[in-house]
Amino acid sequence: MANDQTASAGRYRAGRLVGAAVLINVAMGAIYAWGVFLLPLESYLSISRGELSACPTVALIFFTVGMVLHDRLLRTLGRRRFCVLAFALAGGGHLLFAAVPGYWPLLVGYGGLFGFGSGLGYGLALSLTSETAPDKRALAIGMTMAAFSSNGIVLPLALAGIIQSHSPAYIFGLLGLTILAIGGCSIALLWTEPDERSDRVRSNQPHVTPIAASSGNFIKLAVIFFCICFVGLMTISQLAGMVSAHGLDAFVGYSLSIFTLGYLFGSLFGGQVVQWLGGWKTLLLASLVTAVGLVFLDFKIPTLILIGATLIGTTFGSSASLMPTLVGQLYGFERIGEIYGRLMISYGLAGLVAPWGTGALYAAFGDYRPAIFASLGMCLISGALAFSFRQSR
């Protein structure tokens with residue numbers, strides 16, 4: 001009887017942790033709603049689209065910084081205080097623009113405060129999933145990452161009607177209040193959890209152990225992650241242009257939607273594929289599937305373009321749960337947040353290089369084929385490094 005009660009309590013606690021992780025990422029995934037605001041903000045603030053493009057770039061930079069720093073801050077603050085900080089930044093960033101509409105409040109509030117808070121929250125959500133049972137952990141990570149990406153589908157639909165009749169400042173205010181409300185629910189789920197701050201601070205373990213700092217596997221993972229993210233972010237930023245360049249403007253919306261659906265599917269199941277196939281096989285498969293998707297994007301056939309967008313979206317999305325699960329296998333699941341946080345530097349670098357680099361290649365050659373060839377080169381590099389894991393493991 002006592003064993004049954006202990007097992008039941010363990011399942012209840014795991015359910016609370018995963019529930020909190022999903023809620024956190026639902027809120028922080030609002031970073032995917034930027035596309036909804038692009039045209040309304042351009043008109044509302046009377047500024048160029050080029051100036052506005054700095055906002056998501058700054059948000060991405062601060063998101064990456066938040067992910068890199070989250071483990072250190074979590075050790076210092078403990079979960080509850082950390083959760084309060086993340087949501088205060090994320091919700092407060094939206095409310096700043098709502099209270100003082102303008103370009104600089106948008107850049108500071110959305111780009112800086114929300115970007116940083118979103119990165120912190122993403123790291124916290126991932127940390128919570130690491131405490132689930134081993135046989136459920138990959139699924140928990142997948143659900144949490146899928147919750148983050150789901151906003152790319154849910155928010156555009158939810159805001160479609162509202163944004164036509166209200167100002168962006170008003171909608172930012174609603175989003176800020178919603179984020180704070182979700183934060184309150186998340187904190188409530190974590191309230192009965194012990195505050196591990198003192199135990200973490202007393203620990204004399206270094207923040208990064210030698211295996212994380214010097215392992216060849218870590219370098220390989222960082223390069224592979226950069227390559228996957230390069231292709232994914234290149235496709236996100238240029239997919240509409242690629243489809244339009246083929247004279248298929250009617251399929252632009254479909255391609256973007258199916259890419260997002262593929263991303264959602266991949267993020268949900270990527271971690272489980274690692275458990276089924278193993279790390280190096282999954283990484284190699286992701287590289288091959290991405291390469292096929294790129295080849296299909298170069299055809300002027302709508303069906304093949306949609307399949308290509310789906311394949312790339314799926315592999316890009318899978319990296320969100322694939323990489324944390326693989327990091328757990330290599331370094332221990334208690335260190336997912338620490339190691340994966342450092343891997344996110346690859347994501348940040350890809351975010352800076354891929355959209356700009358693809359645009360520069362298109363401007364130079366008047367065609368997307370050079371960018372596709374460059375991305376196929378990334379697939380070749382990631383595939384070769386993935387295969388090398390066969391020997392290192």
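Since this is a predicted model, take the numbers as computed values, not measurements.
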Between Leu283 and Ala386 the two heavy atoms that sit nearest each other are CB-CB, 3.5 Å
For the residue pair Phe218 and Tyr331, does the interplanar ring angle fall in the parallel (under 30°), tilted (30 to 60°) or perpendicular (over 60°) class? perpendicular
*Classify the angle between the aromatic ring planes of Phe148 and Phe63 as parallel (below 30°), tilted (30 to 60°) or perpendicular (above 60°).*
tilted
dist Leu124:CG -> Leu77:CG (nearest 0.5 Å) comes out at 11.0 Å
ask   = Does Thr315 use its side chain to pair, donor to acceptor, with the backbone of Leu311 at less than 3.5 Å?
value = yes
In short, Gly91 meets Ile179 closest at the heavy-atom pair N-CG2, 3.7 Å
Sorted by chain and number, sequence neighbours left out, side-chain contact (heavy atoms from CB on, under 4.5 Å) with Leu107 holds for Ala54, Cys55, Val58, Tyr103, Trp104
Backbone of Gly278 reached by a side-chain donor or acceptor of Thr282 within 3.5 Å: yes
Give every donor-acceptor pair under 3.5 Å between a side-chain atom in residues 295-307 and any protein atom, sequence neighbours left out.
residue : atom : partner : partner atom : Å
Asp298  : OD1  : Arg369  : NE           : 3.4
Asp298  : OD2  : Arg369  : NE           : 3.0
Asp298  : OD2  : Arg369  : NH2          : 2.9

dist Gln238:CD -> Ser244:OG (nearest 0.5 Å) comes out at 11.5 Å
- Heavy atoms from other residues, nucleotides or ligands near OH of Tyr44 exceed 12 (cutoff 6.0 Å): yes
Rounded to the nearest 0.5 angstrom, the CD1-CG distance for Ile336 and Leu128 is 11.5 Å
When every non-hydrogen atom of Gly121 is compared with those of Asn25, the smallest separation belongs to O-OD1, 4.2 Å
**OP:** Following the transitive rule for hydrophobic clusters with a side-chain heavy-atom cut-off under 4.5 Å over Ile, Leu, Val, Met, Phe, Trp and Tyr, establish whether Phe373 and Phe230 coincide in one cluster.
**Re:** yes
Q) When the aromatic ring centroids of Phe62 and Phe114 are compared, is their separation below 6.0 Å? A) no
Those residues at least two apart in sequence (or on a different chain) that pass side chain to side chain donor-acceptor pair (under 3.5 Å) with Ser382 are Ser287
CZ (Phe226) and OH (Tyr347) are apart, to the nearest 0.5 Å, by 13.0 Å
The side-chain contact (heavy atoms from CB on, under 4.5 Å) partners of Gln272 (sequence neighbours excluded) come to Ala138, Leu139, Phe269, Trp276
Legend entry - Modelled atom types, side-chain donor and acceptor of Thr144 and Thr129, under 3.5 Å: no
When you measure from the side chain of Ser388 to the backbone of Leu385, do you find a donor-acceptor pair of N or O atoms at a distance under 3.5 Å? yes
Review point. With a 4.5 Å heavy-atom cut-off, do His70 and Tyr122 have their side chains touching?
Key: no
When every non-hydrogen atom of Ala320 is compared with those of Ser267, the smallest separation belongs to CB-CB, 4.4 Å
Output for pair (Thr314 OG1, Leu268 CG), nearest 0.5 Å, gives 11.5 Å
Here the pair of heavy atoms bringing Gly19 nearest to Leu189 is C-CD1, 3.9 Å
Quick note, salt bridge (Lys or Arg N to Asp or Glu O under 4.0 Å) partners involving residues 277-286, not counting sequence neighbours, are none
Sequence neighbours excluded, the answer for side chain to side chain donor-acceptor pair (under 3.5 Å) partners of Tyr263 is Tyr32
Gly348 and Thr64 have their tightest heavy-atom pair at CA-OG1, 3.5 Å
| query | Quick check: does any side chain N or O of Ser321 sit under 3.5 Å from a backbone N or O of Met145, one acting as donor and the other as acceptor? | reply | no
Taken to the nearest 0.5 Å, the spacing of Ile182 CD1 from Met28 CE works out to 9.0 Å
*Polar side-chain atom of Ser346 near backbone of Ala222 as donor-acceptor pair, under 3.5 Å*: yes
